[in-house]
**Q** 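Pasting a structure here, questions to come.
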There are 2 protein chains.
Amino acid sequence: MATMQRLQNTGLELFYAQGYYDTSVDDILKRLDLSKGAFYYHFDSKEDYFIQIIQNLLARKIYSTLIEPIEGHDNPLSLITKCFDDAMETAVHNEMDYGCILSNFLSEFNGKNEVIMHHLNEIVTVWEVNLVTTLQKGKFNGYLDRHVDCEAAATFLMSSYFGVRTLMTSATPSAKKYRFMSQLRQYFKSIEAKHVNS
Amino acid sequence: MATMQRLQNTGLELFYAQGYYDTSVDDILKRLDLSKGAFYYHFDSKEDYFIQIIQNLLARKIYSTLIEPIEGHDNPLSLITKCFDDAMETAVHNEMDYGCILSNFLSEFNGKNEVIMHHLNEIVTVWEVNLVTTLQKGKFNGYLDRHVDCEAAATFLMSSYFGVRTLMTSATPSAKKYRFMSQLRQYFKSIEAKHVNS
DNA sequence: GTAAAAACAGACTATTTGGTTGGTATGCAA
DNA sequence: TTGCATACCAACCAAATAGTCTGTTTTTAC
C-alpha cells in the first residue's frame, strides 16, 4: 500500500483513539517506521494532513455506515432502525470504542479550529440532508404521519445517535444500546403513519 | 477570592473552552497573573487539579442545571421538558457555547485517562439515577404509561441531550433547539399515561 | 544508460510542555 | 523578638512538539 494511504489510515486510527491534540506526528511516524521527511513530503502540515483524512476517509466512513444504508424505497423508519442497530452493534463488539468519530471530532475542535470545524460540519450537513430527504420521501410514500416535521425529526435522530455513542463508551455498552433502541422504536411508533386506510 | 478558588474557576473555564490537553498550566497562570509556585503549592499535578475541578465545580454545575430542576412531585415529563428548555436556552444566548461540559470531557478523556473517566462517569451515574427515580415516581403517580421502561427512557433522554448540545455548537443553535424540543415533546406524548380514568 | 524527478531518511531548531527547586514575604503564636 | 508554617515567586529542567533542511535512495522518462 502506498505510503500516503498508510499515513492517512493510521492517522485516523490514532486521532480517533487519542484525539488530535494528544497525538503527535512522531507517534504516527513511529507506528509506521517512517521519517519526518516522508510525512512533510506528502503533507504541508499536521492540519492539512488531518483535513485530507477527513475528506478521504471520514466522509466515506460516515457515508457507508450512516447514509448509504438508509437509501431505498422501503419504510425509512425501518431502514434507520436497522442502520443505527448495525452501527451500534459494531461499536459494542469493538474492543476499543471511542464513540462516534464525527461527534468526537466535533467536540474536540469546536471553538479551537475553524477550518477543521468547517470540514466536519460539511459532513454533518450531508448526513442531515440525506436524513431529511429520506424522511420526506417516507412521508410522501405514506410511511410517516402527515404532520411530522422532517427537519426536526432528523435533528432529533442525529442528536440521539451522537449522544448514545458517547454514553456507550462507558460501562455496559450493550445495555445502553438495547435501551436506546427500545425508545427509538417508541419514538418511531409515534411518528409513523396511522393506518386508517384499507 | 482565594487563590485556590480562582484557579479552579478559570481552570474550568479554559478547559471547557480549549480542552484539557490543549490548555497548559501556563495559560491559566498567565490569565490569573500567578506563578508556577502558586499552582503547585495548591495542587499536586495538572491531573489532580482537574479532578478537584470536577468534584468541586462540574458536579455542582450538573446538579444545579440538570438534576435539581427535575426534583418535585409534578409531572416529570413537564419538569424535564422545562429543564432541557432552560439549559438549552442559556446555551443559545451564550456567545461561546462549546456544548455540554460533561459530554465534551467524556469524549476527550475516553480511552486516555481512566482516573478522570471514573470521576466523570460518577457524575453521569448520579444524573442517570436521578432521572430513573424521577421517571419511576412519575409512573407511580400516574403521569407515565405503565409499560414505560424508565431505565431505557433515561438513557434515551441523556443521549439525546448530550447529542443536541454537540450539534448546537455549530450554526443555527436556536433552530436546533426548537426542532429538538418539538420531537422531545412528541416522544413524551408517546410515553405519557393514556388518560382513561375519571 | 542516464538524467531528472519523486520518495524518503534523519539530524536539527525553536518553542512549549508539566514539573522542580531554592528562595522570599507575610501572618501568627509563644 | 523569635520561630515557623502558609502562600507565593521565578529561574530552571528534561522531554516533547511541529516544522525545516540537507542529503540519499528509488523510481520514472527518454
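All figures in this text were calculated on a predicted structure; none of them were measured in a lab. Residue numbers begin at 1 in each chain, while the letters A, B, ... track the order of the sequences. Side chains included, hydrogens not; waters and symmetry mates left out as well; all remaining heavy atoms used.
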**Q** Please say yes or no: joined through hydrophobic side-chain contacts below 4.5 Å, possibly via intermediate residues, are A:Leu135 and A:Val132 part of one cluster?
**A** no
**Q** With 3.5 Å as the limit, what N/O pairs link the protein to nucleotides 19-23 of chain D?
**A**
{"residue": "D:dG19", "atom": "OP2", "partner": "A:Tyr40", "partner atom": "OH", "Å": "3.1"}
{"residue": "D:dG19", "atom": "OP2", "partner": "A:Lys46", "partner atom": "N", "Å": "3.0"}
{"residue": "D:dG19", "atom": "N7", "partner": "A:Lys36", "partner atom": "NZ", "Å": "3.2"}
{"residue": "D:dG19", "atom": "O6", "partner": "A:Lys36", "partner atom": "NZ", "Å": "2.9"}

**Q** Please list, chain by chain and in numerical order, all residues satisfying side chain to side chain contact (heavy atoms under 4.5 Å, CB included) with A:Tyr41, sequence neighbours excluded.
**A** none
**Q** Whether A:Lys112 engages the ring of B:Tyr98 as a cation-pi pair (distance to the six-membered ring centre under 6.0 angstrom, angle to the ring normal within 45°) should be assessed.
**A** no
**Q** Give the rounded distance in Å between these two atoms: OH of A:Tyr41 and C1' of D:dT24.
**A** 14 Å
**Q** Measure from CG on B:Asp48 to P on C:dG18 and round the result to the nearest Å.
**A** 14 Å
**Q** What is the distance from OH of B:Tyr21 to C1' of D:dA16, rounded to the nearest Å?
**A** 15 Å
**Q** If only side-chain N and O atoms count, and only distance matters, is there a donor-acceptor pair under 3.5 Å linking B:Glu114 with B:His118?
**A** no
**Q** Rounded to whole angstroms, how far apart are NZ on B:Lys30 and P on D:dA10?
**A** 15 Å
**Q** Which whole-number value in Å describes the distance from B:Leu29 CG to C:dT17 P?
**A** 11 Å
**Q** Report the distance from atom OH of A:Tyr20 to atom C1' of D:dT17, rounded to the nearest whole Å.
**A** 12 Å
**Q** Report whether B:Ile67 and B:Met88 are members of the same hydrophobic cluster (ILVMFWY, side-chain heavy atoms less than 4.5 Å apart, transitive linking).
**A** yes
**Q** Whole Å only: how far is the CD1 atom of B:Ile28 from the P atom of C:dG18?
**A** 8 Å
**Q** Looking at the side chain of A:His42, which of C:dA7, D:dC8, C:dC8 is the nearest nucleotide?
**A** C:dC8
**Q** Of all the choices, D:dA10, C:dG18, D:dT17, which nucleotide is nearest to the side chain of B:Ser24 once you look at every atom?
**A** C:dG18
**Q** Quickly work out the B:Phe50 CZ to C:dG18 C1' distance and round it to whole Å.
**A** 16 Å
**Q** Any side-chain to backbone donor/acceptor pair from A:Asn9 onto A:Gln5? Under 3.5 Å, distance only.
**A** yes
